[in-house]
Amino acid sequence: MSELEPKLVTNPPVATIASLAAHVGDTVTLRGWLYNMRQSGKLLFPIFRDGTGTIQGIVPKAAVSPEVFERVKSLTQESSVIVTGSVRADARAPSGFELDVANLEIVHLVPASDPFPISHKEHGTDFLMEHRHLWIRTPRQSAILRIRATIMRAAQEYFDTNGFVRTDPPILTPAACEGTSTLFELDYFGDPAFLTQSGQLYIEATALALGKVYSFGPTFRAEKSKTRRHLTEFWMIEPEVAFMDLEGDMQLAEAFLTHIVTRVLELHRADLTVIGRDIAKLEAVIAPIPSESENEAVILSEARSAESKDPEEARPVTTAGTFSTTEPGAPGSAASSPNLGWSATTPRFPRLSYDEAHAMLDAAFKAGKLEAPHIYGDDLGSPDETYISSQFDKPVMVHRYPAASKAFYMQPDPADPTKALCVDVLAPEGYGEIIGGSQRVDSYDLLRARILEHNLPLAAFEWYLDLRRYGSVPHSGFGMGIERAVAWICGLDHVRETIPFPRTLNRIYP
RNA sequence: UCCUGAGUAGCUCAAUGGCAGAGCAUUCGGCUGUUAACCGAAGGGUUGUAGGUUCGAGUCCUACCUCAGGAGCCA
């Protein structure tokens, strides 16, 4: 490949396809791959891609040397090239711009005897997943990965600009964090160890050291889940804040999600269009609700009337007051909502207590809209979450689940100790839970009792109990699964398209 | 772990228990504005594996393998 080096320094300078609108009339050099080629007699229409987009080239036989014409004609799908030509606006070209090719060098010619496996016809999921390393070259997959990158960057950006310190927990852990999920076990110099399923317990420690913290990294679940919502390896971003109660946690989640969706809408209109995403549904998420911003009310009502569903169905999102909101600073709590950077125009998401969610599901079952009844006291099942989230055009926050169905570290509600001060954020359009959070138990005696009740090894949690021995404070946090958030924002039907190389129950290749 | 479904050409799919087929891709030929281009021709098969029923099995039966998406569990 060293023979290529001189070609990489070019004059005129190398451009990217995404920037060609600013180069109309210029001669540019592009480095990329042949995406597709059509021809009509002695006219060739090679379509190039370079990772930033695609551009159609045109090569009339009479306009170039016979060598260049034959070289272009010999190109096979995904052959790599360096191409020079002038940029011209042309309505006949798919992107509106076209490249009059003057010269083209082949960097690597894909042999016709072994063509690029992914054609422009449809393929099955098994085939595509076996060729994931090549599938990501297609426009749709590239667009998704660009949006994923923005979602990750916007998530970090939100915390970084609001005084959070990033403190990443270990990935190798000595014991289960929550004692519920099945973990990947490995041998740690003769002792058992596990891949982390959540950094939460560790960032509780860093939150009591640094105040506002977050972690961002991969997590692992060995559950034999085989659905469109599950990966065995996925990325999670988790904030944890000292002196913050459940109300603050919910406001943080609202502002955080609003920031992420806003950024994606700012930067990825074209990519969302490539994917076929209904952009109006994302705009509805960040639209202020009427009761808090009357002058913006028209935006929301337009967004909602655009998808007018069953008119007899109550649309509780219209007014936040329809549902009980949690009073800031729960009784018996020293916490309040610290200033986390959201403004008065931060949209509020609809909230449902567990009891209200149960009533909604009960009514839906009796109306024949759910196949199975929801049993009071049980956690929400997937069909339950799908139903609830489909009733709103913003993410919906379900809070105060029965403590018995939740993790041992969740603080009981002083108003009803059978409930936990926790919240799940369900994404709209049936995407289900993307965020799970809670206020944590801050009493040493209660936490110790909970650990024993759940038959967890006390010794493994001594360090965690120390956080309640030395300057314990009310604190809260949540975790957001990146891939589920990407699937929702991109409107995908499976999380396997949201990560470059998905790891699922039946797949660890490529 | 349970339930359901699918495995036929490189890919996507057809084929009443009776000759193994089409489109795309590949190769060759044609076409100066193509839009997953189009037109003509050619090559390409151990029908997931192993048994069984039958004169005859891609098709029916049994077991297994692989994959898919739903439940449970979760983000």
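Every chain is numbered from 1, with letters handed out A, B, ... down the list of sequences.
B:G10 and B:G17 are spaced 30 Å apart, taking the C1' atom of each and rounding to whole Å. Separation of the C1' atoms belonging to B:G58 and B:A9 is 14 Å when rounded to the nearest angstrom. Distance check on atom C1': B:U27 versus B:G43 gives 8 Å, rounded to whole Å. Comparing the same atom, P, in B:U46 and in B:C2 gives a spacing of 34 Å after rounding to whole Å. Only the P atoms considered, B:C61 is 15 Å distant from B:U16, to the nearest whole Å. A gap of 10 Å separates the C1' atoms of B:U49 and B:U66, to the nearest Å.
Applying side-chain contact (heavy atoms from CB on, under 4.5 Å) to A:P218 and the options A:L231, A:L195, A:I171 leaves one that passes, A:I171. Between A:Y214 and the options A:E240, A:E238, A:Q156, a side-chain contact (heavy atoms from CB on, under 4.5 Å) holds for only A:Q156.
The side chain of A:R38 lies closest to B:U34, out of B:A75, B:U34, B:U12. Picking from B:C74, B:U34, B:C73 the nucleotide with the shortest atom distance to the side chain of A:F45 gives B:U34. The side chain of A:A112 lies closest to B:U27, out of B:C73, B:G33, B:U27. Comparing B:A75, B:C73, B:G23 against the side chain of A:K121 picks out B:G23 as the nearest.
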List the steps and the verdict of ring-ring contact (aromatic ring centres under 6.0 Å, His included) for A:F220 and A:F194. CA-CA 9 Å; A:F220 306 88; A:F194 303 89; over 10 Å; no
Let me see the working for A:D493 and A:R228 under salt bridge (Lys or Arg N to Asp or Glu O under 4.0 Å), right down to the final yes or no. CA-CA 7 Å; A:D493 62 7; A:R228 67 184 66 202; 5.0 Å; no
For salt bridge (Lys or Arg N to Asp or Glu O under 4.0 Å), just list the numbers for A:D271 and A:R269, CA-CA rounded to whole Å, side-chain angles, deciding distance to a tenth of an Å, and then say yes or no. CA-CA 6 Å; A:D271 283 330; A:R269 297 266 167 178; over 6 Å; no
Apply ring-ring contact (aromatic ring centres under 6.0 Å, His included) to A:F349 and A:F392, showing your working. CA-CA 9 Å; A:F349 296 158; A:F392 302 89; over 10 Å; no
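Residue-level contact check: A:E98 touches the bases, meaning some heavy atom is under 4.0 Å from a base atom. Here A:A485 lies out of heavy-atom contact (under 4.0 Å) with every strand. Residue contacts for A:N36: at a heavy-atom cut-off of 4.0 Å it reaches the sugar-phosphate backbone alone, with no base atom in range. Contacts of A:G432 with the nucleic acid, taken as non-hydrogen atoms under 4.0 Å apart, are absent. Among the protein residues, A:Q56 comes within range of the nucleic acid bases, having at least one heavy atom under 4.0 Å from a base atom. Base contact: A:P94 has a heavy atom under 4.0 Å from a base atom. Residue contacts shown for A:D114 are absent, as no nucleic acid heavy atom lies under 4.0 Å away. Across all strands shown, A:I47 has no heavy atoms under 4.0 Å from either base or sugar-phosphate atoms. Nucleic acid contact class of A:E122 (heavy atoms, under 4.0 Å, all strands): base.
Under the 6.0 Å distance and 45° angle rule, A:K406 counts as a cation-pi partner of A:Y401.
Using a 4.0 Å cut-off between charged nitrogen and carboxylate oxygen, A:K394 and A:E254 do not count as a salt-bridge pair. With respect to the salt-bridge test (charged N to carboxylate O, under 4.0 angstrom), the residues A:R351 and A:E356 do not qualify.
Taking a centre distance below 5.5 Å and an interplanar angle below 30 degrees as the stacking criterion, A:F234 stacks against the six-membered base ring of B:A75.
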Polar atoms only, N or O, under 3.5 Å: list the protein pairs with nucleotides 28-31 of chain B and their distances.
{"from": "B:C31", "atom 1": "N3", "to": "A:G41", "atom 2": "N", "distance (Å)": "3.0"}

For nucleotides 5-9 of chain B, print each protein N/O atom paired with a nucleotide N/O atom at under 3.5 Å, atom names and distance only.
none

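Note: A:Y158 and A:F256 have perpendicular aromatic rings, judged against thresholds of 30 and 60 degrees for the angle between ring planes.
To the nearest angstrom, P of B:G33 lies 13 Å from CG of A:D90. Between the P atom of B:A75 and the CG atom of A:L492 lies a distance of 21 Å, rounded to the nearest Å. Taking atom CH2 of A:W135 as the reference point, atom P of B:G10 lies 22 Å away to the nearest angstrom. Atom P of nucleotide B:A75 and atom CD1 of A:I489 are separated by 18 Å, given to the nearest angstrom. Rounded to whole Å, the distance from CG on A:L44 to P on B:U34 is 15 Å. Remark: C1' of B:C73 and CG of A:D384 are 14 Å apart, rounded to the nearest angstrom. Here B:A75 presents its P atom at 12 Å from CG of A:L183, a figure rounded to the nearest Å. When rounded to the nearest whole Å, the span between CZ of A:F127 and P of B:C24 equals 17 Å.
When base pairs are accepted only as Watson-Crick or G-U wobble with both N-N or N-O distances under 3.5 Å, RNA chain B takes part in stems of 3 or more pairs at B:1-7 with B:65-71, B:10-13 with B:21-24, B:26-30 with B:38-42, B:48-52 with B:60-64.
Heavy-atom neighbours of A:E371 CD from other residues, nucleotides or ligands within 6.0 Å: at or below the threshold of 12.
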5' to 3', nucleotides 64-71 of chain B under a 4.0 Å protein heavy-atom cut-off (B base, S sugar-phosphate only, - none) gives ---SBBBB
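For A:H123 against B:C11, a side-chain-to-base donor-acceptor contact under 3.5 Å is absent.
Shown here are the side-chain contact (heavy atoms from CB on, under 4.5 Å) partners of A:K61, two or more places apart in sequence or in another chain: A:K42, A:F69. With sequence neighbours left out, the ring-ring contact (aromatic ring centres under 6.0 Å, His included) criterion links A:H131 to A:F127.
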